[in-house]
Amino acid sequence: MPDFSSEMVIENVKRFWPWVLIPAGLYVIPNLLSALVPGPHRKPKLNFKDKTVLITGASTGLGRALAFELYARGAKLILTARSIDKLKELCEELKGSKIKNRHEPVYRYLDICEPSDLEKLVDLSLDGKTIDVLVNNAGLSNRGPVSETPMSVHRQVMEVNYFGHIEVTRALLPYIPDTGCIIVTSSVQGRIAVPYRSAYSASKHAIQGFFDALRCEERHDLQILMVSAGYMNTGFGSKALDTSGKPVQKEDADQAKGYTAEYSAQRVVDAAENREIELILAPFSNRIGIFLRWLWPSLFYFFMYKRGLKDEYGKKK
Ligand SMILES: NC(=O)c1ccc[n+]([C@@H]2O[C@H](COP(=O)([O-])OP(=O)(O)OC[C@H]3O[C@@H](n4cnc5c(N)ncnc54)[C@H](OP(=O)(O)O)[C@@H]3O)[C@@H](O)[C@H]2O)c1
């Protein structure tokens with residue numbers, strides 16, 4: 001029989017308590033102390049009811065799920081993307097659903113890489129109105145080794161994931177009040193790079209840098225929620241550009257095992273409502289990766305190299 005006497009339990013608690021208390025303290029203390037620091041995290045909760053929310057990349061995946069989640073919370077939606085038929089269907093679905101919302105959702109064509117589309121959107125749809133929440137969500141990925149990826153793919157991915165979001169944010173920033181919020185759908189790959197996705201990882205690192213700089217400029221009080229998402233089961237990988245610049249059109253096995261778009265949307269909207277500025281929407285293993293990249297980079301890169309060998313492009317080498 002194992003010894004469960006009270007002396008034994010006390011002895012074990014004494015022996016192991018630092019291993020529990022030190023990490024718990026490292027997590028709790030900075031969170032408590034952040035209440036002393038000025039910033040958007042100290043604002044009252046963001047209530048989406050009657051707020052105007054503009055979503056880019058709303059036609060499919062996370063953007064579409066965000067539309068449902070925000071519509072359910074009473075938001076006035078402006079849904080944008082290039083697939084106008086899908087946006088029209090989405091608006092019909094929202095209106096036909098059991099959700100009660102007195103604001104009719106509207107949709108607009110917007111290629112975020114086309115400045116003229118953005119000008120039209122601002123002139124025709126906004127006309128001095130307020131955008132309370134901007135969701136920078138549109139995205140594009142790539143697959144393939146650096147040695148075979150042409151500059152055109154690097155440029156195209158950067159156009160969508162970096163320059164496109166800057167263009168939209170620069171144009172709409174004057175319409176966003178300090179009580180509002182900018183949500184950015186970045187990726188865990190904005191914090192740690194993954195082999196054979198160089199353009200995508202680089203573009204997500206770039207967008208993290210841009211918004212981290214913006215939050216330290218004159219609008220310091222404006223909430224910017226950076227979402228570092230892990231895999232979501234949205235079919236995003238199948239649209240990634242291969243080395244010929246065409247969509248790979250093949251489901252990504254890791255992504256298929258990822259979070260659902262609906263669960264992800266709920267987490268994102270909850271985080272925005274709670275005035276959070278960073279959300280790592282990914283399993284614990286991803287957090288360990290981010291931590292290891294900081295603590296022991298050489299070991300992290302070795303692990304990622306090993307991971308790359310299991311990738312279809314790594315196997316070919
Ligand atoms: N799925 C994942 O595993 C995962 C993981 C981490 C982060 N993310 C990020 O999550 C975001 C949403 O992706 P998703 O998973 O929901 O994939 P998705 O279903 O493929 O959504 C991508 C959206 O971006 C839009 N888009 C692409 N290029 C555009 C352009 N030039 N202008 C305007 N809209 C454009 C697409 O709409 P149109 O084609 O109709 O324009 C689509 O609505 C992306 O930023 C992605 O990087 C995804």
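Just so you know, ligand 1 is whichever comes first in the structure, and atom 1 is the first atom listed for that ligand.
Polar contact with ligand 1: absent for G63 (N/O pair, distance under 3.5 Å). Residue L140 has no nitrogen or oxygen atom sitting less than 3.5 Å from a nitrogen or oxygen atom of ligand 1, judged on distance alone.
Contacts between R64 and ligand 1 below 4.0 angstrom, taking non-hydrogen atoms only, are absent altogether. For Q255, every heavy-atom contact with ligand 1 shorter than 4.0 Å involves the side chain, none the backbone. Neither the backbone nor the side chain of Q189 has any atom closer than 4.0 Å to an atom of ligand 1 (non-hydrogen atoms only).
Side-chain polar atoms of R191 and S228 form a donor-acceptor pair below 3.5 angstrom. Under the 3.5 Å distance criterion, with hydrogens and angles disregarded, no donor-acceptor pair is assigned to the side chains of K204 and N161.
Of all the listed residues (T56, T80, L110, D254), L110 holds the heavy atom that lies closest to atom 33 (C) of ligand 1. When the heavy-atom distances from atom 11 (C) of ligand 1 to N137, L62, V188 are ranked, the shortest goes to N137. For the residues M232, Q156, K86, E159, the heavy atom positioned nearest atom 48 (C) of ligand 1 is part of M232.
With respect to atom 31 (N) of ligand 1, the closest heavy atom belonging to the protein is D111 OD1, 2.9 Å. Scanning the protein heavy atoms around atom 47 (O) of ligand 1, the nearest turns out to be Y200 OH, 2.7 Å. Nearest to atom 39 (O) of ligand 1 among the protein's heavy atoms is R82 NH2, 2.9 Å. Looking from atom 43 (O) of ligand 1 to the surrounding protein, the closest heavy atom is S59 OG, 2.8 Å.
Ring orientation note: the planes of Y305 and F302 are tilted relative to one another, at an angle of 30° to 60°.
L118 and I55 end up in different hydrophobic clusters when Ile, Leu, Val, Met, Phe, Trp and Tyr side chains are linked at under 4.5 Å.
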